[in-house]
Amino acid sequence: MNQENQKNQEDAYVQLARRTIEEHVRTGRAIEVPSGLPEEMYGSRAGVFVSIKEEGRLRGCIGTIQAVQTSIAEEIIHNAISASSQDPRFSPITENELDRLSISVDVLGDMESISSPQQLDVKRYGVVVTKGYKRGLLLPNLEGVDTIAEQIAIAKQKAGIGIMEEADLQRFEVVRHY
């Protein structure tokens with residue numbers, strides 16, 4: 001699907017993230033929460049991840065495990081700016097990249113403590129690993145992550161937890177918006 005068709009099919013969550021990124025890259029400013037969004041974006045709170053890809057390659061991904069802002073819309077705006085300009089793995093997105101970006105928004109469900117990796121499913125559940133103050137998260141259904149062991153290993157690596165170290169596990173589901 002070409003970029004123009006993709007943009008035309010984006011839902012309100014992704015449209016808000018795209019508008020935020022474009023405004024921030026062009027002007028350095030954050031947008032105000034617009035009117036006309038679905039009601040749950042104003043009235044609900046949740047952790048949100050904004051993922052940005054350029055021509056299929058990850059270009060930025062930042063999010064919150066739990067709600068920090070007062071609404072999902074504000075969470076999207078805040079995390080879209082961070083994903084486009086503050087992901088330490090990438091340089092900030094530039095204006096000449098804007099037309100090549102594909103964006104997804106994951107709205108996280110409640111965290112559920114689990115006692116065993118067998119309670120995970122890489123397609124359905126994301127995972128949070130915690131050891132002391134170290135905490136790492138990996139979203140579900142990611143390209144190239146095919147096993148529970150890989151999912152846990154990547155989350156541990158993100159947290160700075162050794163692969164063989166014990167860690168507490170939580171799982172969550174997401175609603176992914178494209």
Side-chain angles (χ1 to χ4, degrees), residues 13-14 16-17 20-21 24 30 33 40-54 56-93 101-178:
Y13 293 75
V14 176
L16 178 59
T20 299
I21 292 164
H24 188 263
V33 174
E40 70 268 13
M41 292 177 73
Y42 301 110
S44 300
R45 298 179 73 219
V48 170
F49 273 74
V50 175
S51 301
I52 305 167
K53 289 185 175 180
E54 182 179 359
R57 291 182 306 279
L58 187 64
R59 189 63 181 80
C61 180
I62 297 277
T64 44
I65 295 175
Q66 294 160 323
V68 176
Q69 307 300 321
T70 58
S71 69
I72 288 175
E74 289 183 43
E75 205 81 35
I76 291 170
I77 291 168
H78 184 267
N79 293 339
I81 290 170
S82 295
S84 67
S85 63
Q86 296 169 5
D87 187 325
R89 299 169 291 181
F90 304 99
S91 59
I93 287 173
L101 301 179
S102 59
I103 299 165
S104 63
V105 175
D106 288 303
V107 179
L108 279 59
D110 292 334
M111 297 290 152
E112 176 185 8
S113 292
I114 57 173
S115 56
S116 155
Q118 284 70 42
Q119 293 173 279
L120 290 170
D121 175 333
V122 295
K123 297 295 184 207
R124 179 175 176 190
Y125 296 112
V127 66
V128 175
V129 296
T130 307
K131 182 174 182 74
Y133 64 89
K134 296 178 180 177
R135 193 172 191 193
L137 175 145
L138 197 67
L139 295 168
N141 201 18
L142 295 178
E143 196 176 315
V145 181
D146 301 314
T147 69
I148 293 167
E150 287 175 304
Q151 188 183 39
I152 292 171
I154 294 167
K156 281 182 171 182
Q157 180 184 13
K158 290 171 85 174
I161 299 170
I163 191 77
M164 300 308 291
E165 288 185 75
E166 288 292 315
D168 293 326
L169 299 176
Q170 291 177 295
R171 69 182 183 183
F172 60 92
E173 293 182 274
V174 302
V175 177
R176 182 163 292 157
H177 298 270
Y178 294 99

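- The number of heavy atoms from other shown groups lying within 6.0 Å of CD (Q157) does not exceed 12.
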Given side-chain hydrogen bond (donor to acceptor under 3.5 Å, both in side chains), test E74 with T70 step by step and report yes or no.
CA-CA 7 Å; E74 289 183 43; T70 58; 2.7 Å; yes
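- Using a 4.5 Å cut-off on side-chain heavy atoms (C-beta onward), S102 and I52 make no contact.
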Go through M41 and I76 one step at a time and tell me if the side chain to side chain contact (heavy atoms under 4.5 Å, CB included) criterion holds.
CA-CA 9 Å; M41 292 177 73; I76 291 170; 3.8 Å; yes
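- Contact detail for V122 and I148: the closest heavy-atom pair is CG1-N, 3.5 Å.
- Applying the side-chain hydrogen bond (donor to acceptor under 3.5 Å, both in side chains) rule to R176 yields the partners D106; only residues at least two apart in sequence or on another chain are considered.
- Taking each heavy atom of V14 and S104 in turn, the nearest pair found is CG2-CA, 4.4 Å.
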Using the rule given for side chain to side chain contact (heavy atoms under 4.5 Å, CB included), can you reason through C61 versus K53, listing the C-alpha separation, both sets of side-chain angles and the distance that settles it, and then say yes or no?
CA-CA 9 Å; C61 180; K53 289 185 175 180; over 6 Å; no
Step-by-step side-chain hydrogen bond (donor to acceptor under 3.5 Å, both in side chains) determination, T64 to N79:
CA-CA 8 Å; T64 44; N79 293 339; 3.2 Å; yes
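- The shortest distance between side-chain heavy atoms of I152 and L120 falls below 4.5 Å.
- Of the possible donor and acceptor atoms, none in the side chain of K156 sits under 3.5 Å from a partner among the backbone N and O of Q151.
- Nearest heavy-atom pair, A46 versus I72, reported as atom, atom and distance to 0.1 Å: N-CG1, 4.0 Å.
- In terms of heavy atoms, L137 sits closest to K158 at O-NZ, 2.9 Å.
- Inter-residue side-chain proximity for P140 and V174 is flagged as met; some heavy-atom pair is nearer than 4.5 Å.
- In this view, E54 and R59, R100 satisfy the salt bridge (charged side-chain N to carboxylate O under 4.0 Å, His left out) rule, not counting sequence neighbours.
- The shortest side-chain heavy-atom distance between S85 and I93 does not fall under the 4.5 Å cut-off.
- Partners of H177 according to the side-chain hydrogen bond (donor to acceptor under 3.5 Å, both in side chains) rule, which considers only residues two or more places apart in sequence or in another chain, are D11.
- When Q170, Q119, R171 are each tested for a side-chain hydrogen bond (donor to acceptor under 3.5 Å, both in side chains) with E112, only one passes: R171.
- Counting only residues at least two apart or in different chains, side-chain hydrogen bond (donor to acceptor under 3.5 Å, both in side chains) contacts with residues 123-146 comprise R124-E173.
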Applying side chain to side chain contact (heavy atoms under 4.5 Å, CB included), run through I21 and I81 and close with a yes or a no.
CA-CA 6 Å; I21 292 164; I81 290 170; over 6 Å; no
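- Partner of V50 under the side-chain contact (heavy atoms from CB on, under 4.5 Å) criterion, chosen from I103, I77, I62: I103.
- Atoms CG and OG, on L169 and S113 in that order, are 9.0 Å from each other to the nearest 0.5 Å.
- The ring-ring contact (aromatic ring centres under 6.0 Å, His included) search around F49 returns none, not counting sequence neighbours.
- The number of heavy-atom neighbours closer than 6.0 Å to CG of D121, taken from other residues, nucleotides and ligands shown, is above 12.
- Here the closest non-hydrogen pair linking L16 and A73 is CD2-O, 3.6 Å.
- Closest of all the heavy-atom pairs between V128 and F172 is CG2-CE2, 3.9 Å.
- The side-chain heavy atoms of V129 and I161, taken from C-beta on, include a pair separated by under 4.5 Å.
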Yes or no on side chain to side chain contact (heavy atoms under 4.5 Å, CB included) for E150 and V145, after CA distance, side-chain angles and deciding distance?
CA-CA 6 Å; E150 287 175 304; V145 181; 4.3 Å; yes
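- Scored by the ring-ring contact (aromatic ring centres under 6.0 Å, His included) test, H24 finds no partners at all (sequence neighbours excluded).
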